*Asks:* 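What follows is a single structure, and I will ask about it in a moment.
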Amino acid sequence: MQYHLNLAHLYGDLLNTYSDIGNILVLKYYAKQMDTDIDVQIISLDDDFDPDKFDFALFGGGQDYEQTIVSRDLPNKAAAIKKFINDDKPMLAVCGGYQLLGQYYIGADGKKIPGVGALPHRTETQVNNRFIGDIRIRNEETGEEYHGFENHNGMTFLGEGERPLGKVIEGHGNNGQDGSEGAIYKNVFGTYFHGPVLARNGNLAKRFLLLALKNKYPDADFSQQEALEIKPTY
Ligand code: GLN
């Protein structure tokens, strides 16, 4: 393989609802077609996260219990996560991980779970309700449609500098009120789409890989990778 990427799987042993870990299989599948191999390392509780060692990162979803445990460890990694994001490194954060990148999440029991504060969004709770079901959104910049499944109590409200990953066509999205789903902030993608979101949305996997490749190899010509045809898988 001509290119090599190092992937940090943040708290991959704790945050993996509906097998978010499958996103890594999908990334490897498309990366191979892009002449790229990927090394993966789980960075969990008490581990050092060296932002310069990694080219992109995944941050999966979880239940309030696991999120509380992760939340206590986040201050140790806050500076590194912020540097990683400010260096324009791509990150995909799903549901619980997406919530924890922000300011806070009020759990289903009403207790505040502090986030890392790298992104400006905040997540409030809703009483006796969850947003569950299939969801479909449209990314306004690319016109791409993304398909997924959501299951969350949290209602996320975006902050300054964040734009939605897409506009809700079907489903609930960030908060069931403003028609937004997920967030894009620098090269971070946050989403409520669970399971291996990239399996159903190969176009997003390709976009994510290209960002990491272009960031790491600024002088390389990736026109062949850009031309990779993604067949719909939903
Ligand atoms: N515990 C969070 C919520 O219910 C995140 C859920 C998840 O990652 N599936 O909103």
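Indexing begins at 1, ligand by ligand and atom by atom, following the structure's order. Fair warning: this is a prediction, and the values are worked out from it, not measured in the lab.
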*Asks:* Take the angle between the ring planes of Phe208 and Phe56 and call it parallel below 30°, perpendicular above 60°, tilted in between.
*Replies:* tilted
*Asks:* Give me the ring orientation class for Phe131 and His152: parallel if the planes are under 30° apart, tilted from 30 to 60°, perpendicular past 60°.
*Replies:* perpendicular
*Asks:* Ring centroid separation for Phe59 and His9, is it under 6.0 angstrom?
*Replies:* no
*Asks:* Just to be sure I read this right, does ligand 1 sit under 4.0 Å from the backbone of Thr123, its side chain, both, or neither, counting only heavy atoms?
*Replies:* neither
*Asks:* Could you identify which residues cluster with Ile132, counting Ile, Leu, Val, Met, Phe, Trp and Tyr as linked when any side-chain heavy atoms lie under 4.5 Å apart, either directly or through a chain of such contacts?
*Replies:* Tyr18, Phe149
*Asks:* Among all protein heavy atoms, pick the one closest to atom 2 (C) of ligand 1 and tell me residue, atom and distance.
*Replies:* Gln67 OE1, 3.1 Å
*Asks:* Counting heavy atoms only, which part of Tyr105 comes closer than 4.0 Å to ligand 1: side chain, backbone, both or neither?
*Replies:* side chain
*Asks:* If you measure every N or O of Tyr192 against every N or O of ligand 1, does any of those distances drop under 3.5 Å?
*Replies:* no
*Asks:* Is the gap between the ring centers of Phe193 and Tyr146 under 6.0 Å?
*Replies:* no
*Asks:* Can you tell if the side chain of Leu210 reaches within under 4.5 Å of the side chain of Met34, non-hydrogen atoms only?
*Replies:* yes
*Asks:* Starting from atom 7 (C) of ligand 1, what is the nearest protein heavy atom, named by residue and atom, and what distance separates them?
*Replies:* Cys95 SG, 2.8 Å
*Asks:* Report the relative orientation of the aromatic rings in Phe49 and Phe84; use parallel for angles under 30°, tilted for 30 to 60°, perpendicular for over 60°.
*Replies:* tilted
*Asks:* With respect to Gly62, determine whether any N or O atom, backbone or side chain, lies less than 3.5 Å from an N or O atom of ligand 1.
*Replies:* yes
*Asks:* To check your reading of the model: name the closest protein heavy atom to atom 9 (N) of ligand 1, its residue, and the distance in Å.
*Replies:* His194 NE2, 2.6 Å
*Asks:* So, regarding Thr17 and ligand 1 (criterion: nitrogen or oxygen to nitrogen or oxygen, under 3.5 Å), is there a contact or not?
*Replies:* no
*Asks:* Can a salt bridge be assigned to the pair Lys231 and Glu229 using a cut-off of 4.0 Å between side-chain N and carboxylate O?
*Replies:* no
*Asks:* Give the residue, atom name and distance (to 0.1 Å) of the protein heavy atom nearest atom 1 (N) of ligand 1.
*Replies:* Asp64 OD1, 2.5 Å
*Asks:* Polar contacts were defined as any N/O atom of the residue lying under 3.5 Å from an N/O atom of the ligand; does this apply to Gly96 and ligand 1?
*Replies:* yes
*Asks:* Hey, which atoms in ligand 1 end up nearer than 4.0 Å to a heavy atom of Gly61?
*Replies:* 8 (O)
*Asks:* Could you list the atoms of ligand 1 found under 4.0 angstrom from a heavy atom of Gly154?
*Replies:* 3 (C), 10 (O)
*Asks:* Check each atom of ligand 1 against the heavy atoms of Asn153 and keep those under 4.0 Å away; list them by number with element.
*Replies:* 3 (C), 4 (O), 10 (O)
*Asks:* Would you find more than 12 non-hydrogen atoms of other residues, nucleotides or ligands less than 6.0 Å from Glu141 atom CD?
*Replies:* yes
*Asks:* Short N/O distance, under 3.5 Å, between Gln63 and ligand 1?
*Replies:* no
